[in-house]
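Letters go in sequence order (proteins before strands), and every chain restarts at 1. On a predicted model such as this, the values are computed, not experimentally measured, just so you know.
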Amino acid sequence: MFHRIERRLARSVSSHLKERYGLDVPVVLEQPRQSRFGEVALPVAFQLAKPWRKSPRAIAEELARELPRIPGVASYEAAGSGYINVRLDRGWYGRALITGFPEEEEAPVDAGKIIVEHTNINPNKAAHIGHLRNAVLGDTFVRMLRALGRRVEVQNYIDNTGVQVADVVAAFHFLEQKSPEEVAALVAEQDRFDYYCWDLYARISAHFQGNPEALRWRQQALHAIESGQGPLAELGRIVADAVMQAHLRTMLRIGVQYDVLPRESEILHLKFWATAFELLKQRGAIVFETQGKNAGCWVMPAAAFSETAGEDEGKIIVRSDGTVTYVGKDIAYQLWKFGLLGKDFHYRPLWRYPDGQTLWVTSDTPGDEPAPVFGAGDWVYNVIDSRQSYLQDVVAAGLRALGFEEQARRSVHFAYEIVALSPRTCAELGIELSPEERQRAYVEVSGRKGLGVKADDLIDKLIERAHCEVEARHPDAPESERAEVARQIAVGALRYFMLKYTRNAVIAFDLQEALSFEGETGPYVQYAAVRARNILRKLQSQGQALPDFAAQLDQAAMARQLAQEDFWQLVLTSSKAGSAIERAVASGEPAHVAKFAFQLAQAFNNFYHAYPVLQEPDAERRTFLLWLTAYFRSELARVLGILGIPVPEYM
RNA sequence: GCGCCUGUAGCUCAGUUGGAUAGAGCGUCUGGCUACGAACCAGAAGGUCGGGAGUUCGAAUCUCUCCAGGCGCGCCA
């Protein structure tokens, strides 16, 4: 609500300056440092002071007198050395929150399709905390976009034919000497096959370290997987499929769903790369090197993606043995995402999510069920950690070199920093550190070393902790209910933890901190929502219905109640959810929504403590407080929904 | 060597496009529950915004420079 009146105000001031003075300056709106200065501050007088050769204060006073009155604004006043402070009409504003804000003809939001690709875990081992950050960031960004009415498609790329899968295949075949049938049996009987692979991957990585000659196993497995023939290829299918499904289950635990899973095997089989290769050659985006260190390779010249790189620092796209690098395949995939490849996958439904949504996976043969149109986006966001920014630059440069300037501009690397482990947590997990590592603030996780915190382990621990708390507080509640509440609290704790940091902060993961439910945490925010609901529930359990707010709270009543500063501040904060979401989308920073949710929860907890709503003797005030509680609750629930955090029945 | 990122309270981090007296959580200390259930609330202490120079009416924010740390720069992904 607040962002609407802000927009209206900005438009009004801007058109006034234009009509009265012929000025076309951007109007900046600020939040005054202190609430007693009003709700919005305009520093525009400072900008005009120099050209007008007048003091900012004098300009502010002049403008404050002149600015046209608009509904909802009570006053403009010059303040300080030249601010114009704007006060809202509290009664009008409160009433508008009940009856709805008079809509104006807004420019329709760009209806383009946005593709967000996230998660993207190699299907050869269990997911770890780093993957959780990726998925939570991506999923929350998607929820934010959808909340603003944007059309979004969520993709999760499955690299099911890559080196990492080949390594685990080689481990099953050569180290463990297991047949595809035996591994398939293992998948069926193992509770957590992805955990088994986690250890196996660490084992074979160590084996490669000590026995470099064993690396030919990897080559053998890779070739078999690419050709699709023989027991190694069969193993590859079994492993990748089983681990991928484990990942999907893990992500579903924390509320993350996808629309489609594009797989590398189809990129290969459907000759996506061959098509992209032709395109790149035709348009001269890559060149064949006949001499120098890259002789025999197809290379993208460095000038395409870097201003400072030297002549011979091009990026190899096709190796001298004719095989394509990962970046090459990524360019083909990116072209498909924009609908520029001239080819499409076939699709088949893989899952039906509990909410009814269908999850599709690519296929190399036409399926029976008609699939939605995938790909062909107008914007593409790739959620990938910031270490890969160089490669993402190369992918965008590939599009540019093909003449797709606009699509290159609309290829966004949604980068974030890694999740590392705090030394304390390493010690708790029994991870031995070298003396150098112990000196550092954090230690990087490593799949190859099997060093890290598995996603499901963390979720299990969070549920266990939450369950203890719930049991202690609600000993009489049915166990099935408590289990559900514990799960929801765990999701809240995890998702909030992953979102409270801005993207380019390295998270030094600390188990104790992540397991904390106090202070700036998900459960704190959930608790505020539960408290609000408890008030309303208590009312009903006393046999009273919720008042008809629209009938009982007119503008005058709102003005009377909102004259109390505490109430006004809580209403105002509650109404700023839209601003927070818009700001978060504009900056690509989901943390802004998380921080807002926390601040809002804090404001309510403060109010909750100071004003016993149900004990309020004055009838109008009691009705108002109930409305305030209901309004806060629905706004917080909406924001939590965008963060993917459920509101438990009780806590 | 080149490129990108980071440096804000004891610790972990916010800080909108440059705006009024730099914020939060944790930790420390002091208070507050037969309750709309304290996963909470109130209060206190704690800051040369890495150093220096510059631009500006105004700088944590922009520019330059120095210092410290992280990451990237594979015919790996």
Side-chain angles (χ1 to χ4, degrees), chain A residues 26 28-34 37 41 43 46-47 49-50 55-56 79-83 85 122 159 162-164 293-299 306-310 313 315-321 323 325-327 329-330 385-391 393 415 417-418 420 422 440-442 444 466 469-470 472-474 489 493 500-502 504-508 510 513 516-524 526-528 530-539 542 579-580 583-584 586-587 589 591-592 594-595 598-599 602 605-606 608-615 625 629 650-651:
Chain A
V28 176
L29 301 184
E30 285 172 20
Q31 185 175 333
R33 188 106 214 103
Q34 288 180 33
F37 291 141
F46 295 106
Q47 281 170 269
K50 197 156 210 178
S55 81
S81 52
Y83 283 93
N85 289 331
N122 270 299
D159 185 5
V163 173
Q164 294 210 19
K293 64 174 186 177
N294 295 335
C297 300
W298 286 90
V299 175
S306 167
E307 286 171 4
T308 53
E313 291 181 42
K315 178 67 194 167
I316 291 167
I317 304 298
V318 179
R319 305 182 186 101
S320 56
D321 66 359
T323 57
T325 60
Y326 176 80
V327 193
K329 283 183 272 194
D330 225 19
D385 78 69
S386 53
R387 291 176 300 189
Q388 300 205 41
S389 57
Y390 163 70
L391 295 174
D393 287 347
E417 272 293 348
I418 57 164
S422 76
R440 306 180 55 152
Y442 53 83
E444 203 174 327
E469 299 287 334
V470 176
R473 285 155 216 251
H474 302 277
I489 292 170
K500 68 194 265 193
Y501 302 93
T502 48
N504 57 15
V506 175
I507 299 181
D510 188 81
E513 207 186 309
S516 162
F517 296 160
E518 287 164 18
E520 196 195 339
T521 65
Y524 174 94
Q526 290 173 307
Y527 192 51
V530 167
R531 282 176 138 180
R533 187 146 77 190
N534 283 350
I535 294 174
L536 303 173
R537 189 163 36 211
K538 178 88 174 211
L539 180 81
Q542 290 172 351
S579 313
R583 186 156 39 88
S587 59
E589 204 62 88
H592 290 157
K595 293 272 175 195
F598 175 68
Q599 281 164 15
Q602 221 173 15
N605 273 336
N606 182 326
Y608 177 91
H609 196 260
Y611 300 95
V613 172
L614 297 177
Q615 253 105 89
L625 293 177
T629 302
Y650 52 81
M651 282 179 77

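Taking atom P on both A60(B) and U21(B), the two are 11 Å apart, rounded to the nearest angstrom. Of the C1' atoms belonging to A22(B) and A9(B), the separation is 11 Å, rounded to the nearest Å. Nucleotides U65(B) and U48(B) are separated by 27 Å at their P atoms, to the nearest Å. Rounded to a whole angstrom, the distance from the P atom of A44(B) to that of G37(B) is 29 Å. When the P atom is used for both G18(B) and C64(B), the distance is 16 Å, rounded to whole Å. Remark: the separation of the C1' atoms in U55(B) and C62(B) is 8 Å, to the nearest Å. Of the C1' atoms belonging to G70(B) and C26(B), the separation is 24 Å, rounded to the nearest Å. Remark: the separation of the P atoms in G32(B) and G69(B) is 48 Å, to the nearest Å.
When Watson-Crick and G-U wobble pairs are counted only if both distances are under 3.5 Å, C2(B) pairs with G72(B). Pairing partner, A42(B): U30(B), with both Watson-Crick or wobble hydrogen-bond distances short of 3.5 Å. Base pairing of A35(B) is not made with any nucleotide, judged by Watson-Crick or G-U wobble geometry with both donor-acceptor distances under 3.5 Å. With both pairing distances under 3.5 Å, G23(B) is matched to C13(B) as a Watson-Crick or G-U wobble pair. Across all strands shown, U55(B) forms no Watson-Crick or G-U wobble pair with both key distances under 3.5 Å.
Aromatic stacking of Phe598(A) on A24(B): not satisfied for centres closer than 5.5 Å together with planes under 30 degrees.
When distances run from any side-chain atom of Asn122(A) to the nucleotides A77(B), C13(B), A39(B), the shortest one goes to A77(B). Of the candidate nucleotides A77(B), C75(B), G25(B), G25(B) has the atom lying nearest to any side-chain atom of Glu520(A). Comparing C71(B), A77(B), C36(B) by their closest approach to the side chain of Glu444(A) singles out C71(B). Out of C75(B), C57(B), C40(B), the shortest distance to the side chain of Glu518(A) is found at C40(B). Comparing C36(B), A20(B), G74(B) by their nearest atom to the side chain of Phe37(A) picks out A20(B). The listed nucleotides are U17(B), G72(B), A39(B); the one nearest the side chain of Arg473(A) is A39(B).
Ala580(A) comes within 4.0 angstrom of no nucleic acid atom, judged by non-hydrogen atoms across all strands. Within the 4.0 angstrom heavy-atom criterion, only backbone atoms of the sugar-phosphate kind lie near Val506(A); the bases stay farther away. Backbone-only engagement by Tyr501(A) is indicated by non-hydrogen atom pairs under 4.0 Å involving sugar-phosphate atoms exclusively. Nucleic acid contact for Glu30(A): base, since at least one base atom lies under 4.0 Å from a heavy atom of the residue. When heavy atoms are screened at a 4.0 angstrom cut-off, Ala41(A) is found touching base atoms of the nucleic acid. Here Tyr390(A) lies in heavy-atom contact (under 4.0 Å) with sugar-phosphate atoms only.
Atom-to-atom, OH of Tyr527(A) to P of A38(B) comes out at 4 Å; the value is rounded to the nearest Å. Per the geometry, CG belonging to Asp393(A) stands 19 Å off P belonging to C2(B), to the nearest Å. When the C1' atom of A38(B) is taken as reference, atom OH of Tyr608(A) falls 9 Å away, rounded to whole Å. In this structure, Ile507(A) atom CD1 and G25(B) atom C1' are separated by 15 Å, rounded to whole Å.
Of all heavy-atom pairs between Thr629(A) and Ala532(A), the closest is CG2-O, 3.6 Å. Minimum heavy-atom separation, Val299(A) to Ile316(A): CG2-CG1, 4.0 Å. Considering all non-hydrogen atoms of both residues, Ala493(A) and Pro523(A) come closest at CA-CD, 3.6 Å. Between Tyr650(A) and Val470(A), the closest heavy-atom pair is CE1-CG1, 4.3 Å.
At least one side-chain nitrogen or oxygen of Arg440(A) sits closer than 4.0 Å to the OP1 or OP2 atom of C71(B). Listed pair Gln615(A) / C36(B) meets the phosphate criterion, a side-chain N or O lying under 4.0 Å from OP1 or OP2. Proximity of Tyr442(A) to the phosphate of G69(B): no side-chain N or O atom is located under 4.0 Å from OP1 or OP2. Between G25(B) and Gln602(A), a contact under 4.0 Å exists linking OP1 or OP2 to a side-chain N or O. Residue Arg319(A) places at least one side-chain N or O closer than 4.0 Å to OP1 or OP2 of A77(B). Taking 4.0 angstrom as the limit, Asn534(A) places a side-chain polar atom (N or O) nearer than this to OP1 or OP2 of G37(B). Distances shown here put every side-chain N or O of His609(A) at or beyond 4.0 Å from the OP1 or OP2 atom of C33(B). Contact check, Tyr524(A) against C41(B): a side-chain N or O comes under 4.0 Å of OP1 or OP2. For A42(B), one of the phosphate oxygens OP1 or OP2 lies less than 4.0 angstrom from a side-chain nitrogen or oxygen of Asn606(A). For U6(B), one of the phosphate oxygens OP1 or OP2 lies less than 4.0 angstrom from a side-chain nitrogen or oxygen of Asn504(A). For the pair Arg531(A) and A38(B), the criterion of a side-chain N or O lying under 4.0 Å from OP1 or OP2 is met.
A salt bridge links Lys595(A) with Glu520(A): the distance from a Lys NZ or Arg NE/NH1/NH2 to an Asp or Glu carboxylate oxygen falls below 4.0 Å. A salt bridge between Arg319(A) and Asp321(A) is absent, with no side-chain N of the basic residue lying under 4.0 Å from a carboxylate O of the acidic one.
Panel note: side chain Asp510(A), backbone Glu513(A); a donor-acceptor pair is recorded below 3.5 Å.
Aromatic rings from Phe598(A) and Tyr524(A) are positioned such that their centres are separated by under 6.0 Å.
When the nearest nucleotides of RNA chain B are assigned to Leu614(A) and Glu513(A) by heavy-atom distance, the more 5′-ward of the two goes with Glu513(A). Ranked by how close their nearest RNA chain B nucleotide is to the 5' end, Ser389(A) and Gln31(A) are led by Ser389(A).
Side-chain atoms of Ser386(A) stay outside donor-acceptor range of the base of C71(B), with no qualifying N/O pair under 3.5 Å. A donor N or O paired with an acceptor N or O is not found under 3.5 Å between the base of A39(B) and the side-chain atoms of Asn605(A).
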